[in-house]
**Q** 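Supplied in structure tokens, the structure appears directly below.
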Amino acid sequence: MSGLDHIDGILQEALTAIEGARSPQELEAVDVKYLGRRGAITAVLKGIKDLPPESRKVVGAAANQARLRLEEALISARQKFEGVKQDSPFDYTLPGIKQRQGSLHPITRVIDRICQSFYGMGFSIARGPDIENDYYNFEALNFPPDHPARDMQDTFYLDGGLLLRTHTTPVQIRVLESNKPPVKVITPGKTYRNEAISTRSYCVFHQVDGFLVDEGITMGDLKGVLVAFCRDFYGEGLKLRFRPSFFPFTEPSAEVDISCLLCKGKGCQLCKYEGWLEILGCGMIDPNVMRNVGYDSEKYTGYAFGMGVERIALLKYRITDIRLLYENDIRFIRQFH
Ligand code: DAH
């Protein structure tokens with residue numbers, strides 16, 4: 001009987017160990033300890049031949065039964081571990097997926113910064129449609145019917161007398177038409193021109209126009225606001241120069257240059273050794289435009305300006321090829337945090 005108690009003691013101890021095992025390795029250790037070549041159950045089985053003949057059968061049967069119980073318990077315990085591996089949707093041993101932080105496109109950053117600067121000077125922001133008609137894009141802006149900008153080579157024409165706007169200036173007409181002075185607005189947006197794609201030009205680009213219409217507005221107001229903008233955007237100590245120019249919708253018209261951001265006016269490759277960088281067009285709104293939007297051009301005057309966002313972004317970030325802005329190569333975009 002004591003032999004049977006001994007076997008039962010080993011069996012209970014082994015079953016408890018199997019239940020408590022927390023890894024396949026711990027199960028293997030239990031297997032070796034009880035069923036291995038020098039295991040406790042193996043020892044009992046080996047000792048059977050030395051027992052008195054009358055006990056051999058009973059002890060042998062009990063020992064074999066204990067061995068079978070343990071083998072079954074080990075098999076189902078091993079399955080439990082394998083089950084965890086196969087059924088769980090998570091493999092905790094895999095390295096995690098790195099979460100990358102997104103960043104704003106350099107064009108978005110430049111537009112936001114321009115808007116922020118003018119917003120601080122009391123301008124509101126307005127937007128217009130990318131698909132325009134001839135009236136808003138050209139006629140109301142005082143473009144004569146034979147103006148070269150209307151040429152198929154420059155303008156993407158659509159069916160039904162529509163076109164893709166070639167500048168954001170038509171938003172000026174839409175805003176003035178539906179508001180009464182004083183109107184003080186900037187109009188960021190996409191523009192389209194049928195140009196050959198190169199390092200310097202692309203068929204889609206962005207502009208920001210701005211304008212103020214009220215009684216008694218002069219060129220002095222225009223200069224004041226542009227100097228304030230340029231110093232805010234590009235930094236203090238910057239020099240500006242207003243050069244006479246021509247736009248159909250402003251009279252007089254000017255182009256604004258700033259002293260070169262790199263060489264500060266001494267002359268370098270960026271400014272083509274001129275010391276100046278052209279950054280925007282501007283002028284006093286032409287009386288014809290005032291009449292087109294139903295304003296009394298004797299009573300109201302206004303200024304307007306327009307700038308190309310890509311050019312500013314290229315200068316600001318020293319990018320040498322405009323196409324990089326539209327390829328959406330993540331290695332490029334990621335640099336603008
Ligand atoms: N629309 C002009 C262009 O695309 C830029 C421009 C010049 C806008 C003078 C204006 C302005 O509002 O007053 O080249």
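Ligands are counted one by one from 1 in listed order, and the atoms in each one are counted from 1 as well.
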**Q** Report yes or no: does M307 have a heavy atom closer than 4.0 Å to ligand 1?
**A** no
**Q** Just to confirm my output: which protein heavy-atom neighbour is closest to atom 12 (O) of ligand 1, and how far is it?
**A** D209 OD2, 2.8 Å
**Q** At under 4.0 Å between heavy atoms, is it the side chain or the backbone of C282 that contacts ligand 1, or both, or neither?
**A** backbone
**Q** Taking only heavy atoms of F247 into account, list the atoms of ligand 1 that are under 4.0 Å away from them.
**A** 7 (C), 9 (C)
**Q** Would you mind running through ligand 1 and noting each atom that sits below 4.0 Å from a heavy atom of G281?
**A** 7 (C), 9 (C), 11 (C)
**Q** State whether the number of non-hydrogen atoms from other residues, nucleotides or ligands found under 6.0 Å of E298 atom CD is greater than 12.
**A** no
**Q** Closer than 4.0 angstrom: is that true for some heavy atom of E255 and an atom of ligand 1?
**A** no
**Q** Can you confirm whether more than 12 heavy atoms, excluding those of Y317, are under 6.0 Å from its OH atom?
**A** yes
**Q** Any atoms of ligand 1 less than 4.0 Å from a non-hydrogen atom of F305? List them with their elements.
**A** 8 (C), 10 (C), 11 (C), 12 (O), 13 (O)
**Q** Should I131 and L164 count as side-chain neighbours, where that means a heavy-atom distance under 4.5 Å?
**A** yes
**Q** Looking at non-hydrogen atoms alone, which of S245, A304, G302 comes nearest to atom 13 (O) of ligand 1?
**A** A304
**Q** Would F249 count as a contact residue for ligand 1, given that I'm defining contact as a non-hydrogen atom of the residue lying under 4.0 Å from a ligand atom?
**A** yes
**Q** Check whether any side-chain heavy atom of C203 lies under 4.5 Å from a side-chain heavy atom of I197, and answer yes or no.
**A** yes
**Q** Is there any N or O on T166 that sits under 3.5 Å from an N or O of ligand 1?
**A** no
**Q** Would you mind running through ligand 1 and noting each atom that sits below 4.0 Å from a heavy atom of Q172?
**A** 12 (O)
**Q** Does R318, at its CZ atom, have more than 12 non-hydrogen atoms belonging to other residues, nucleotides or ligands within less than 6.0 Å?
**A** yes
**Q** Considering the heavy atoms of T250, write down every atom of ligand 1 situated less than 4.0 Å from one of them.
**A** 13 (O)
**Q** Would you say the side chain of L240 lies within less than 4.5 Å of the side chain of F242, judging by non-hydrogen atoms?
**A** yes
**Q** T42 side chain to L35 main-chain N or O, any donor-acceptor pair under 3.5 Å?
**A** yes
**Q** Any side-chain heavy-atom pair from F233 and L238 closer than 4.5 angstrom?
**A** no
**Q** Would you indicate which of G306, A149, P170, S253 comes nearest to atom 6 (C) of ligand 1 when only heavy atoms are counted?
**A** G306
**Q** Quickly, which of I107, T108, I114 forms a side-chain contact (heavy atoms from CB on, under 4.5 Å) with I111? Name it, please.
**A** I107
**Q** Identify whether the distance between the nearest side-chain nitrogen and carboxylate oxygen of E28 and R78 falls below 4.0 Å.
**A** yes
**Q** Which atoms of ligand 1 are found less than 4.0 Å from any heavy atom of Q207?
**A** 3 (C), 4 (O)
**Q** To which protein heavy atom is atom 14 (O) of ligand 1 closest, and what is the distance rounded to 0.1 Å?
**A** R193 NH2, 4.0 Å
**Q** Which one holds for M284 and ligand 1: side chain close, backbone close, both close, or neither close, with close meaning a heavy atom under 4.0 Å?
**A** neither
